[in-house]
Amino acid sequence: MLLLDNDAAGEEAAQKALKEFEPGTCRIARLPLKDANEMELAGRSEEIVKCIWNASVVKPNTLVVASDIRDKVLEQPQLGGEWPWPTMTKATYGLRWGETYLLAAATSVGKTEFMREIVSQQLDNGNKVGLFSFEQTPQDTIRRFIGARMNKRLHIPGADGWDSELIEKAVDELGDSVVLYNSESGLLSLEAVIINIRFANKCHDTKFFVIDNLKSLAANPVIDGKMTNEIHFMSHAVAQLSRIARELQVTVFIITHVNTDKISTSYRITEENQ
């Protein structure tokens with residue numbers, strides 16, 4: 001049985017003391033006031049005894065029983081928001097907060113266009129978007145996004161159709177609805193990305209994040225200060241991004257390139273294999 005001060009120091013001491021007991025054998029009594037002395041001075045000495053008798057066995061917060069999560073179980077799962085494509089909405093039960101999606105494909109197959117459609121829909125629905133593009137500058141990302149909406153290639157030097165007034169108007173309309181990660185501001189790392197996701201969510205109310213792309217993030221494959229291989233790091237990164245998505249109840253969309261070997265797909269059709 002532990003009966004310590006009801007403050008930060010007491011809680012820290014209790015957590016350290018718990019390590020000296022066998023799991024399931026220690027109880028902690030928690031007082032409504034700071035300590036037993038304050039309880040006595042307040043004329044609440046009888047409550048001390050009740051707190052001791054009512055102390056429950058300490059269990060890890062990572063374990064629950066059905067009765068602990070009764071209210072959550074009774075919450076019926078809800079359909080998420082719509083994707084730009086009805087078939088995808090039906091197949092995935094909609095785009096839901098707290099989930100992570102991974103888009104993996106070879107280069108030049110339309111990942112950027114696919115993602116742009118989803119981002120545009122999120123903005124049209126009033127959701128703020130965080131774009132973490134590791135292969136483009138923030139200004140280039142915005143030029144590409146605005147250009148796609150104007151059907152102009154604004155990111156190409158000397159491209160036709162450059163209209164400063166229209167572009168400025170488009171930037172003002174976006175305002176703070178798009179938050180961009182500036183990877184040129186320092187060493188790109190998973191820790192920095194997660195910190196920026198937290199900040200954008202809290203300070204800009206950003207709910208939808210795009211990580212583009214995972215392989216670029218894995219160029220610095222460091223976990224807990226130690227270098228590792230790319231595959232291990234990418235698996236770790238997806239797990240950490242999924243965790244932050246559940247914690248903040250945001251959506252994280254991860255894009256990654258897939259290396260493909262050249263495989264001959266030619267096949268001579270003959271009468272025998274028709």
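Please read all numbers here as calculations on a predicted model, not as lab measurements.
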Practice task
Evaluate the side-chain proximity of Val222 to Lys226: yes if any heavy-atom separation is below 4.5 Å, no if none is.
Solution key: no
Practice task
Could you tell me whether Asn229 atom CG has more than 12 heavy atoms of other residues or ligands within 6.0 Å of it?
Solution key: yes
Completion exercise
For Met234 and Ala218, the nearest pair of non-hydrogen atoms, with its separation, is CG-CB, 3.7 Å
Practice task
Report yes or no: do Met227 and Val193 belong to one cluster of Ile/Leu/Val/Met/Phe/Trp/Tyr joined by side chain heavy-atom distances under 4.5 Å?
Solution key: no
Exercise for the section: Please round to the nearest 0.5 Å and tell me the distance separating atom CD1 of Ile69 and atom CG of Leu74. Expected result: 10.0 Å
Exercise for the section: Taking all non-hydrogen atoms of both residues into account, name the closest pair between Ala237 and Leu190 and its distance. Expected result: CA-CD2, 3.8 Å
Handout entry: Derivation and outcome, salt bridge (charged side-chain N to carboxylate O under 4.0 Å, His left out), residues Glu230 and Lys215
Key = CA-CA 8 Å; Glu230 183 184 80; Lys215 286 186 73 68; 3.1 Å; yes
Handout entry: CG-CD1 distance between Leu154 and Ile142, expressed to the nearest 0.5 angstrom
Key = 11.5 Å
Handout entry: Ion pair Arg44/Glu38, N-O distance below 4.0 Å
Key = no
Problem - pair Leu248-Trp97: side-chain heavy atoms closer than 4.5 Å - result: no
Practice task
Would you indicate whether Arg96, at its atom CZ, is surrounded by more than 12 heavy atoms from other residues, nucleotides or ligands within a distance under 6.0 Å?
Solution key: yes
Problem - Charged N-O contact under 4.0 Å between Arg198 and Glu247 - result: yes
Exercise for the section: Would you check if there is a donor-acceptor pair between the side chains of Gln15 and Glu11 at a distance under 3.5 Å? Expected result: yes
Practice task
Kindly compute the distance separating CG (Leu18) from CG (Leu2), expressed to the nearest 0.5 Å.
Solution key: 6.0 Å
Completion exercise
Rounded to the nearest 0.5 Å, the NZ atom of Lys169 sits from the CD1 atom of Ile146 at a distance of 12.5 Å
Problem - Lys128 side chain to His204 backbone, donor-acceptor under 3.5 Å - result: yes
Problem - Salt-bridge present (Glu46, Lys50; N to O < 4.0 Å) - result: no
Exercise for the section: Output yes when a side-chain donor or acceptor of Gln121 lies under 3.5 Å from a complementary backbone atom of Trp83, and no otherwise. Expected result: yes
Exercise for the section: With rounding to the nearest 0.5 Å, note down the distance linking OG in Ser133 to CG in Asp212. Expected result: 4.5 Å
Problem - Main-chain N/O of Gln76 paired with Gln78 side-chain donor or acceptor, under 3.5 Å - result: yes
Handout entry: Trace of the side chain to side chain contact (heavy atoms under 4.5 Å, CB included) decision for Ile255 with Leu214
Key = CA-CA 6 Å; Ile255 300 175; Leu214 189 58; over 6 Å; no
Problem - Nearest non-hydrogen partners of Leu4 and Gly10, listed with the distance - result: CD1-O, 3.7 Å
Problem - Under 3.5 Å: donor-acceptor pair, side chain of Thr25, backbone of Glu22 - result: yes
Problem - Asn6 side chain vs Leu31 backbone, donor-acceptor pair below 3.5 Å - result: yes
Practice task
Give every residue pair that meets the ring pair (Phe, Tyr, Trp, His ring centres under 6.0 Å) criterion with at least one member in residues 152-187, sequence neighbours excluded.
Solution key: Phe132-Tyr181, Phe134-Tyr181
Handout entry: Any donor-acceptor N or O pair under 3.5 Å, side chains Glu82, Thr89
Key = no
Handout entry: Polar side-chain atom of Lys111 near backbone of His257 as donor-acceptor pair, under 3.5 Å
Key = no
Handout entry: Same apolar cluster (I L V M F W Y, side chains within < 4.5 Å links), Val171/Leu180
Key = yes
Exercise for the section: Evaluate whether atom CD of Glu113 has more than 12 neighbouring non-hydrogen atoms of other residues, nucleotides or ligands under 6.0 angstrom away. Expected result: yes
Handout entry: Distance, nearest 0.5 Å, that separates CD1 of Ile223 from NE2 of His232
Key = 4.5 Å
Practice task
Classify the side-chain pair Asp140/Thr137 by whether it contains a donor and acceptor separated by less than 3.5 Å.
Solution key: no
Practice task
Can you establish whether the number of heavy atoms outside Asp172 located under 6.0 Å from its atom CG is more than 12?
Solution key: yes
Completion exercise
For Gly94 and Tyr101 the tightest heavy-atom approach is O-OH, 3.6 Å
Handout entry: Side-chain donor/acceptor of Ser177 to backbone N/O of Leu123, under 3.5 Å
Key = no
Practice task
Without swapping roles, check the side chain of Thr228 against the backbone of Phe233 for a donor-acceptor pair under 3.5 Å.
Solution key: no
Exercise for the section: Measure the shortest side-chain to side-chain distance between Thr256 and Leu102 over non-hydrogen atoms and say whether it is less than 4.5 angstrom. Expected result: yes
Problem - More than 12 heavy atoms of other groups within 6.0 Å of Asn151 CG - result: no
Problem - Charged N-O contact under 4.0 Å between Asp7 and Arg30 - result: no
Problem - Any donor-acceptor pair under 3.5 Å from Asn201 side chain to Ile197 backbone - result: no
Handout entry: Where Ile28 and Ala14 come nearest, the two heavy atoms and their spacing
Key = CD1-CB, 4.0 Å
Problem - In one Ile/Leu/Val/Met/Phe/Trp/Tyr side-chain cluster, 4.5 Å: Leu188, Phe199 - result: no
Practice task
Flag the pair Met88 / Leu95 as yes when at least one side-chain heavy-atom distance between them is below 4.5 Å, and no otherwise.
Solution key: no
Handout entry: Any Arg153 side-chain heavy atom under 4.5 Å of Asp160 side chain
Key = no
Exercise for the section: Output yes when Asp5 and Lys34 qualify as a salt bridge under the 4.0 Å nitrogen-oxygen rule, no when they do not. Expected result: yes
Handout entry: Side chain proximity check, Phe209 to Thr251, heavy atoms < 4.5 angstrom
Key = no
Exercise for the section: Would you kindly confirm whether Ile118 and Leu131 end up in one hydrophobic cluster when ILVMFWY residues are joined by side chain heavy atoms under 4.5 Å apart? Expected result: yes
Problem - Joint hydrophobic cluster, Phe114 plus Val129, side-chain heavy atoms closer than 4.5 Å - result: yes
Exercise for the section: For Cys51 and Ala29, work out which heavy atoms get closest and say how close. Expected result: O-CB, 3.7 Å
Problem - Polar side-chain atom of Asn125 near backbone of Asn127 as donor-acceptor pair, under 3.5 Å - result: no
